[in-house]
Amino acid sequence: MTISFTVNGQDRSVDVDPDTPLLWVLRDELRLTGTKFGCGIAQCGACTVYLNGMTRRSCVTPISMVEGSDVTTIEGLSGPEAEAVQAAWTAIDVPQCGYCQSGQVMSATALLQQNGAPTDEDIDNAMAGNICRCATYVRIRQAIHDAAKTLEG
Amino acid sequence: MTRLMMPVALSVVLAFPAAAQDLRAPSEFESIADPSERSAAIFEEMGKVLTHPRCLNCHPKGDSPTQGDDMHPHMPPVVRGAADFGAPGMTCNTCHGPENYETVGVGGIESVPGHEPWSLAPVEMAWTDMSLGEICAQLKDPERNGDRTMDEIHDHMANDGLVGWGWDPGEGRTPAPGSQQLFGQLTRAWIDTGAACPG
C-alpha cells in the first residue's frame, strides 16, 4: 500500500504494510535514524516526532494514519524554540548517553511552543512520558527553563 | 531493526481480565410491577457498564486517569489539563490515535487504545468512588451531565463512539458487559420508567 505524506517539509511516499509503525518507516525506509526505538509501547518517549505539529509517539502510529499528514523529526526540527532548546541543551551538557535525547528535545520544544514560561509542574507534566535511563531529569528541567529565558528576549 | 530495550523499570502492569459479565435485557425486568422499583433495578443493571473499568478509567474524580482492568494509575503519568485532553506538550493524542493499535514492543501492553475523539470525561462527570445512586443522580443533573436532556443521555449511551469503544477496547482489555445496543435499550427503558435511582 502506497502512503504519501511529508517529512520535514519534503514529499515522501512509501509502499509498506499499512500497519507498519511510522518509526519503522522513518528509520528503515527513509533512513532518518535520529528518532529512536525504546520500548515499542508508548512508554518511554524516545520515538517522539510531530504529526501535524503535535507530539506523537511514532512507535504506536500506524503508517496508514499518516497519509496526507506532515511529520517533523529531530532532523527537521527548526524555529526559535528549537534553537533555544538546542542551545540550552548544549550549554549545560544535558545528555549523558544521549539515547533518549531526540525525544526529550522534541517534547521540550513542543512545550515551549505552547507555553513560553513553563513552571516546574508544567515541565513535569509535559515531559513525564520521556524516560531517561541516565536520569538527566534535573538538567532537562534546567535547560527548559534556560531556553524559556532566552526566548523572553 | 535492532529492537533495543531501554534497561529502565517501566512500570507496566499486566491487566487482569475481569470476570465476564452478562447484561440483562429490559424485558427481564418486566416482572417488577412497581415502575419506580423496575426503573431503579434497570439502572442497577446499567451500573454493570457504568462501573466497569472501561468506563471508570476515564471518568476519574481526580486529575489523572487510570488504566487496565485493575485500574492502576495511567503510565506514563498524565494529567487532565485545561481541556480534559492532557498537558501542553503531551496531550492525549501523543499516544492515543483514532483507533486501537496493537503494539510491536514487549512489556505487557498488547495494544494502545484509540478513538477519535479521545479524552477524559469532564471532572463534574467523575464516577470513581461514587455509589450507583450518586452516579444516577449525576446523570440526571444538567449541571453535571453536560447540559444534556434525558433523550440526549440516551443518545450518548446508545450511539456515542467513545462510549462504544468500551465494547471494542483492543487487545489486552476486557470489554464492557453486553453490547452498546443493549446498553442503549436499558437506558431507554430506565428513562421510560421514570429514571428512578437506586437507594
Side-chain angles (χ1 to χ4, degrees), chain A residues 19-24 26-28 33 36-52 54-62 64-66 97 99-100 106-116 118 121-135 144, chain B residues 1-15 63-65 67-68 72-118 170-172:
Chain A
D19 284 339
T20 306
L22 170 61
L23 176 60
W24 267 230
L26 292 174
R27 290 183 58 86
D28 293 354
T33 55
K36 305 303 184 189
F37 176 90
C39 66
I41 52 175
Q43 291 288 294
C44 78
C47 68
T48 304
V49 299
Y50 297 163
L51 186 63
N52 297 327
M54 299 188 75
T55 52
R56 179 74 201 169
R57 307 294 191 239
S58 59
C59 76
V60 293
T61 304
S64 58
M65 178 182 161
V66 180
C97 87
Y99 193 82
C100 70
M106 296 299 287
S107 291
T109 302
L111 169 63
L112 290 173
Q113 286 171 345
Q114 298 172 64
N115 181 352
E121 184 179 13
D122 294 333
I123 293 171
D124 289 348
N125 289 340
M127 305 297 293
N130 289 86
I131 292 175
C132 174
R133 65 181 175 184
C134 306
I144 293 173
Chain B
M1 171 186 290
T2 301
R3 295 188 177 184
L4 300 174
M5 285 305 301
M6 300 184 88
V8 294
L10 297 176
S11 297
V12 177
V13 180
L14 290 170
D63 282 335
S64 296
Q67 63 184 178
H72 60 271
H74 188 286
M75 285 300 296
V78 294
V79 295
R80 174 183 295 281
D84 302 311
F85 192 58
M90 194 167 73
T91 45
C92 296
N93 62 354
T94 295
C95 299
H96 298 282
E99 54 191 39
N100 303 326
Y101 185 56
E102 290 188 35
T103 58
V104 295
V106 294
I109 297 178
E110 296 174 55
S111 67
V112 173
H115 179 269
E116 180 60 47
W118 183 272
E171 290 296 315

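Reminder, nothing fancy here: chain letters follow the sequence lines and each chain counts from 1.
Heavy-atom minimum distance, A42(A) versus P76(B): O-CD, 3.8 Å. Nearest heavy atom pair, residue P62(A) against residue Y101(B), reads CB-CE1, 3.4 Å. The two atoms that bring G89(B) and T55(A) nearest to each other are O-OG1, 3.2 Å, heavy atoms only. Across all their heavy atoms, I41(A) and I109(B) have their closest contact at CG2-O, 3.7 Å. Taking all atoms of both residues into account, the shortest heavy-atom contact from A87(B) to A126(A) is CB-N, 4.4 Å. Contact detail for T91(B) and M54(A): the closest heavy-atom pair is OG1-CE, 3.3 Å.
You'll find the side chain of S107(A) stays beyond 4.5 Å of the side chain of M90(B), heavy atoms only.
Considering only heavy-atom pairs separated by less than 4.5 Å from chain A, the leading option among N93(B), V112(B), V78(B) is N93(B). In terms of non-hydrogen atom pairs under 4.5 Å with chain B, the most contact-rich of M65(A), M127(A), M106(A) is M65(A).
Proximity to chain B is limited to the backbone of T61(A), based on heavy atoms less than 4.5 angstrom apart. Of the two parts of S64(A), neither the backbone nor the side chain holds a non-hydrogen atom closer than 4.5 Å to a non-hydrogen atom of chain B.
Residue pairs meeting the side-chain hydrogen bond (donor to acceptor under 3.5 Å, both in side chains) criterion with at least one member in residues 109-118 of chain B, sequence neighbours excluded, are S111(B)-R173(B). Applying the salt bridge (charged side-chain N to carboxylate O under 4.0 Å, His left out) test to pairs two or more places apart or on separate chains, those with a residue in residues 75-95 of chain B are D63(B)-R80(B), R80(B)-D84(B).
Heavy atoms of other residues, nucleotides or ligands lying less than 6.0 angstrom from CD of Q114(A) number more than 12.
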